[in-house]
There are 2 protein chains.
Amino acid sequence: MSHDTKQIIKNLSVDCVVFGFENNNLEVLLIKRKRNPEKGNWALPGGFALHSETLDQAAVRILEETSNVKNIYLEQVHTFSEIDRFPNRRVITVAYFALVNPEKHSIKPGIDTTDVKWHNVKDKIDFPFDHQKIFKSALRQLRQRVRYKPIGFELLPKKFSLSQLQSLYECILGQPLDKRNFRKKILGLKMLIQLDDYQKGVAHRAARLYKFDSKAYTVLKKQGFNFQL
Amino acid sequence: MSHDTKQIIKNLSVDCVVFGFENNNLEVLLIKRKRNPEKGNWALPGGFALHSETLDQAAVRILEETSNVKNIYLEQVHTFSEIDRFPNRRVITVAYFALVNPEKHSIKPGIDTTDVKWHNVKDKIDFPFDHQKIFKSALRQLRQRVRYKPIGFELLPKKFSLSQLQSLYECILGQPLDKRNFRKKILGLKMLIQLDDYQKGVAHRAARLYKFDSKAYTVLKKQGFNFQL
DNA sequence: TCAAAAGTGTTTGCAATACACCCATGC
DNA sequence: GCATGGGTGTATTGCAAACACTTTTGA
């Protein structure tokens, strides 16, 4: 191709809805915008695509540039094209959702942002542009995916308890789950390895910790599964 | 907005994978290209978006312009952005899938096409550009959708037999279904109205015809359902 | 009378659901 | 010793799956 490699595509942007799981809550990553439009306001991390990259690559780059997160689960969600969605000129945006384990990835402001933060998914957010719509559609897609792909696991630390895992599923699906049935089901998938580690320093019986069987995990991720709870 | 209304967005196109059901086969609509690139070759109907329209609107317009079909079921599938997917310059394309009842909609060439035809989904097609990839991903999405949305019905004539409906599902899912179980399940959804009409002129027992209960249909389409067969 | 598709119920097994009590730990 | 969450098993139900013969019609 004959394009300058660092040149942006002026009418095409990528916006990312980054989900994380912290303090037993599903959270979304927001960045404080350094430039106009909406300078100083909290928004979804986004940016323009370059002529030299695919949109998947753009999403990876933008996440790294805005929030310093790398090497995470990414999936395209939808392309938004309302004529007035961006001020003054026509910009179409492709939305991605991403899953991050906040313990593994340190979040910090990148070149185009002055600040980053996690925000509880349950609390109302006053989004600029059409980011409310984008956020909702990403959440909807996450809820669908989690039912037949084991992607929830991207959000947890290496060692975790079954209660943590259950709590994650409850946050994503927005509904309580039965403890015994959940355990039966999740252990039946044979993708967890029981460890000899236990929770420490809690004022109740310590929970046993588990990790993923990464081979079984990869297989299941490809095959898909049916998680009906 | 201040754009000329009929001006195209040169780096953004829409491609449509139009499915139809005819002669008990699932078919895809192809058009013969009138212009370069790939002039004279069969491809998916597509075209550039305009500054004055959303992508959904572009898909509607393009389907009408290329193939004379209107008022059909449309859903966005995915955005394709490989750098070399289009020759000579960077063009990103947004794929849609559409469902058409060939009996209701007469297909004929539009301004940008010299010919149109239906092509059996099972037969290999030699697609230009990345249309093979686009087609595959649309078919995958159709297979998913049909399991929890009653969209299959968009493809049938007003009056139809249960065998036709079953055959449609078999074509989409690519697997045979049990007749008795299929009927039990589909009648259990209570969205079909039994008519007093029967098939005519067939050399075997005439099949009873049904139509959709459009109210129940609308409700189910919104709620989603679980079609496991 | 033959060919070809329509139509029709029952049984079986599995998986989802509902449900309640004891255990270990820190304070 | 008490508050807190961890951990465990069974009974019931509903749904998916498997399966074969009779009916109707035109040729």
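In what follows, chains are A, B, ... by sequence order, proteins preceding strands, each numbered from 1.
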*Whole Å only: how far is the CG atom of A:L209 from the P atom of C:dA24?*
17 Å
*Name the nucleic acid region contacted by B:R183, choosing base, sugar-phosphate or nothing; use a 4.0 angstrom heavy-atom cut-off, strictly under.*
base
Between side-chain atoms of residues 26-34 of chain A and protein atoms elsewhere (two or more places apart, or another chain), which donor-acceptor pairs fall under 3.5 Å?
unit_1: A:R33; atom_1: NE; unit_2: A:P37; atom_2: O; d: 2.8
unit_1: A:R33; atom_1: NH2; unit_2: A:P37; atom_2: O; d: 3.1
unit_1: A:K34; atom_1: NZ; unit_2: A:I111; atom_2: O; d: 2.9

_Atom pair distance, as rounded to whole Å: CZ in B:F182 and P in C:dG9_ = 18 Å
*Classify the side chain of A:N181 versus the base of C:dA18 as yes if they form a donor-acceptor pair under 3.5 Å and no if they do not.*
yes
*Would you say the base of D:dT10 and the side-chain of A:K184 have a donor-acceptor pair closer than 3.5 Å?*
yes
*Kindly check if the number of other-residue, nucleotide or ligand heavy atoms within 6.0 Å of CG (B:N71) is above 12?*
no
*Of the nucleotides D:dA20, C:dC19, D:dG6, which one has an atom closest to the side chain of B:R180?*
D:dA20
*asked:* Just to be sure I understand the rule, does B:K179 reach a base, reach only the sugar-phosphate, or reach nothing, if contact means heavy atoms closer than 4.0 Å?
replied: base
*How close or far is atom P of D:dG7 from atom OH of A:Y198, stated in whole angstroms?*
8 Å
*Nearest 0.5 Å, what's the CG-NZ distance between A:D115 and A:K108?*
13.5 Å
*Mind calculating the distance between CZ (A:R205) and P (C:dC27) to the nearest angstrom?*
18 Å
*Provide, to the nearest angstrom, the distance between the CG atom belonging to A:L189 and the P atom belonging to C:dA15.*
12 Å
*Is B:S163 touching bases, backbone alone, or none of the nucleic acid, heavy atoms closer than 4.0 Å?*
sugar-phosphate
*Would you call the rings of B:F127 and B:F135 parallel, tilted or perpendicular, where under 30° means parallel and over 60° means perpendicular?*
tilted
